[in-house]
Protein chains: 2
Amino acid sequence: MTPVSSLDIVACTVEERELAMLARTAGQRTRELPWEVLDPLAPLERSALRIARSVLGEAPAWVAQLGAYGDRASHPSKCALSVAFVVIAPAGTRAPAGMAWVPLAGDSKLPARQRTMAADVTAMLRVRMHTAPIAFRLLPARFTLSELQRMYELLLERPLHKASFRRTLQASALVEATEEWRSEGRGRPAQLYRYAPRSEANARRSLTFDFLG
Amino acid sequence: MTPVSSLDIVACTVEERELAMLARTAGQRTRELPWEVLDPLAPLERSALRIARSVLGEAPAWVAQLGAYGDRASHPSKCALSVAFVVIAPAGTRAPAGMAWVPLAGDSKLPARQRTMAADVTAMLRVRMHTAPIAFRLLPARFTLSELQRMYELLLERPLHKASFRRTLQASALVEATEEWRSEGRGRPAQLYRYAPRSEANARRSLTFDFLG
DNA sequence: TCAATAGTGTCTGTTAGACATTATGGA
DNA sequence: TCCATAATGTCTAACAGACACTATTGA
């Protein structure tokens with residue numbers, strides 16, 4: 001009998017200035033997201049964390065459920081139902097042997113159901129980034145404000161204004177300057193910051209109608 | 001053998017100025033969300049729509065997957081895994097025989113796993129309302145701007161400024177005035193509007209950091 | 001006439017974005 | 001020295017929220 005359902009992991013990071021996911025390079029032209037047959041006794045998120053840790057070699061920086069996928073689209077497990085989780089690994093995390101970071105956008109050569117999952121991840125991260133520290137989890141613990149801004153621009157897919165970005169960030173009380181500076185190529189060195197949210201008021205004042213249909 | 005997994009429906013509406021969900025009033029002190037054993041051959045959303053239609057007697061105004069729930073918490077089906085969907089019925093929809101609208105907040109007397117689902121719905125609607133017409137789907141086709149504002153205040157759990165709300169709404173090009181007016185008790189009659197999004201630019205300009213940890 | 005609600009015009013403080021300028025390193 | 005990047009100050013247009021006012025009904 002075919003297994004009941006699978007648990008799939010879309011592990012995301014940033015590679016060469018675009019979002020990428022971890023995929024097994026199974027054959028010549030087929031790839032596959034890491035998955036396991038679902039353990040019916042363990043909580044879903046615990047299982048997701050365990051699988052992610054075993055694949056990445058370390059605990060991911062963030063975990064969230066993407067959703068359940070149950071169309072008839074093909075899946076390597078032959079399961080009728082798959083539960084997908086998104087996990088985040090900081091930029092610079094190495095892909096383990098037999099796996100590679102592949103761009104989240106574009107032809108991923110995944111089985112149909114996993115392709116659907118991958119297609120949903122970008123939208124999910126873009127929504128969640130406003131209420132969860134996605135951009136910070138995609139960065140290493142120490143980062144420059146320019147790196148943070150580039151991460152936001154990557155997720156939002158639009159350029160941001162530098163002075164305005166820093167002003168808003170300052171007001172949000174989410175980062176803390178360190179004493180370290182980093183010099184990259186030419187130009188003035190940048191101060192390193194770390195994510196250190198101070199629980200001050202951060203209430204959204206304005207109302208947005210961000211939809212059309 | 002116990003069934004593989006269940007598909008649960010959290011059907012939401014607004015009753016007496018608060019969010020409510022449709023529950024079977026099984027026994028004296030137990031309630032239950034509508035659910036069915038999952039059909040492994042049908043797409044999940046199609047199944048959710050079918051169940052919602054059979055329960056409500058009509059098609060819901062909005063559907064979205066809430067997520068998969070797979071802890072060991074109790075569920076009437078004894079399934080190890082449940083996939084939950086949120087559907088919306090406009091205010092005024094009657095509860096069918098044997099069911100009732102019960103407040104989404106507060107002690108719902110549901111089985112543990114379904115209580116978890118219900119607890120997640122409010123947060124989900126509050127996030128999604130910024131990118132989907134949740135408030136409009138919770139209203140009948142024709143509504144006054146005061147009713148719309150009260151719906152937004154209910155979802156956001158904070159008061160909104162009337163003139164500002166209408167200005168922002170006007171700019172969003174989401175509603176269209178009808179020729180009808182409605183008089184309720186004293187006071188000047190209100191013009192009725194309908195949801196008619198015109199696909200004009202509606203880009204979010206400002207960046208928000210709406211999280212703390 | 002009064003009370004209650006709908007709807008609108010004006011003012012003001014806040015802020016996002018534009019622009020310009022200084023600061024500081026490497027080539 | 002020139003160039004590239006970091007970091008910051010100032011200006012302005014846009015806008016959210018406050019306030020006040022008019023409009024229109026039922027009691």
Side-chain angles (χ1 to χ4, degrees), chain A residues 17 129-130 135 139-140 142-194 200-210, chain B residues 17 129-130 135 139-140 142-194 200-210:
Chain A
R17 305 217 171 177
M129 67 178 290
H130 295 291
L139 287 171
R142 302 294 166 102
F143 50 84
T144 70
L145 295 189
S146 294
E147 287 171 339
L148 181 62
Q149 180 176 345
R150 278 193 294 270
M151 192 64 74
Y152 264 91
E153 289 172 334
L154 187 70
L155 291 166
L156 292 167
E157 292 184 280
R158 69 182 174 90
L160 294 173
H161 190 267
K162 183 163 78 164
S164 185
F165 177 80
R166 291 173 186 224
R167 232 182 302 144
T168 309
L169 185 64
Q170 193 72 14
S172 73
L174 287 178
V175 297
E176 199 172 78
T178 70
E179 294 304 310
E180 299 171 65
W181 296 72
R182 180 195 296 159
S183 186
E184 309 185 72
R186 296 218 266 192
R188 174 175 167 177
Q191 191 166 16
L192 294 184
Y193 285 74
R194 54 191 199 82
E200 293 162 19
N202 191 7
R204 174 190 293 234
R205 287 215 335 287
S206 68
L207 175 65
T208 55
F209 297 99
D210 282 356
Chain B
R17 306 217 170 175
M129 68 178 291
H130 296 291
L139 287 171
R142 304 291 166 103
F143 51 83
T144 70
L145 295 189
S146 295
E147 287 170 340
L148 181 63
Q149 182 176 342
R150 277 193 293 271
M151 192 64 74
Y152 264 91
E153 290 172 333
L154 187 70
L155 291 167
L156 292 167
E157 292 184 280
R158 67 182 175 92
L160 294 173
H161 190 266
K162 182 165 75 165
S164 185
F165 178 80
R166 290 171 186 226
R167 233 183 301 139
T168 309
L169 185 63
Q170 194 72 13
S172 74
L174 287 179
V175 298
E176 198 172 77
T178 70
E179 294 305 309
E180 300 171 65
W181 297 71
R182 179 196 297 160
S183 187
E184 308 185 74
R186 297 217 266 192
R188 175 174 169 179
Q191 191 166 14
L192 294 184
Y193 285 75
R194 53 191 199 81
E200 294 162 19
N202 191 8
R204 173 191 294 235
R205 290 214 333 287
S206 69
L207 174 65
T208 55
F209 297 99
D210 282 358

- Atom CD of Gln170(A): over 12 foreign heavy atoms under 6.0 Å: no
- Report which part of the nucleic acid Ser146(B) touches: base, sugar-phosphate, or nothing (heavy-atom distance under 4.0 Å, all strands). sugar-phosphate
- Query: When rounded to the nearest 0.5 angstrom, what distance separates CD in Glu147(B) from CZ in Arg142(B)?
  - Reply: 13.0 Å
- Would you state whether a donor and an acceptor, one from the side chain of Arg188(A) and one from the base of dA7(D), lie under 3.5 Å apart? no
- Atom-pair distance (CZ on Arg166(B); P on dG9(C)), nearest Å: 12 Å
- Message: A side-chain contact here means heavy atoms from C-beta on lying under 4.5 Å apart; do His130(B) and Leu156(B) qualify?
- Response: yes
- Taking only the side-chain heavy atoms of Ser164(B) (C-beta and beyond), determine which of dA6(D), dG17(D), dA27(D) contains the nearest atom. dG17(D)
- Message: In whole Å, I'd like the distance from the NE2 atom of His161(B) to the P atom of dG7(C).
- Response: 16 Å
- What integer distance in Å separates Arg186(A):CZ from dA4(D):P? 5 Å
- Of the non-hydrogen atoms in Ser172(A) and Leu169(A), which two are nearest, and what is the gap between them? OG-O, 2.7 Å
- Message: Please compare Glu147(B) and Gly185(A) by the position of their nearest nucleotide in DNA chain C and report the one closer to 5'.
- Response: Glu147(B)
- Measure the distance from CZ on Arg167(B) to P on dA6(C) and round it to the nearest whole Å. 18 Å
- Task: Using heavy atoms to find the nearest nucleotide of DNA chain D for Lys162(A) and Gly187(A) separately, return the residue whose nucleotide is more 5′.
- Result: Gly187(A)
- In whole angstroms, the gap separating C1' of dG26(C) from CZ of Arg182(A) amounts to 17 Å
- Message: Heavy atoms only, 4.0 Å cut-off, all strands: where does Ala163(A) land among base, sugar-phosphate and nothing?
- Response: base
- Item | Whole-Å gap separating P (dG7(C)) and CG (Leu192(B)) | 9 Å
- Message: Is the shortest side-chain heavy-atom distance between Leu148(A) and Arg166(A) below 4.5 Å?
- Response: no
- Message: Using a 4.0 Å heavy-atom cut-off, does Gln191(B) contact any base of the nucleic acid, only the sugar-phosphate backbone, or nothing at all?
- Response: sugar-phosphate
- Message: Please report the distance, rounded to the nearest Å, between CD in Gln170(A) and C1' in dA16(C).
- Response: 16 Å
- Item | Whole angstrom value for the distance that separates P of dA7(D) from CZ of Phe165(A) | 12 Å
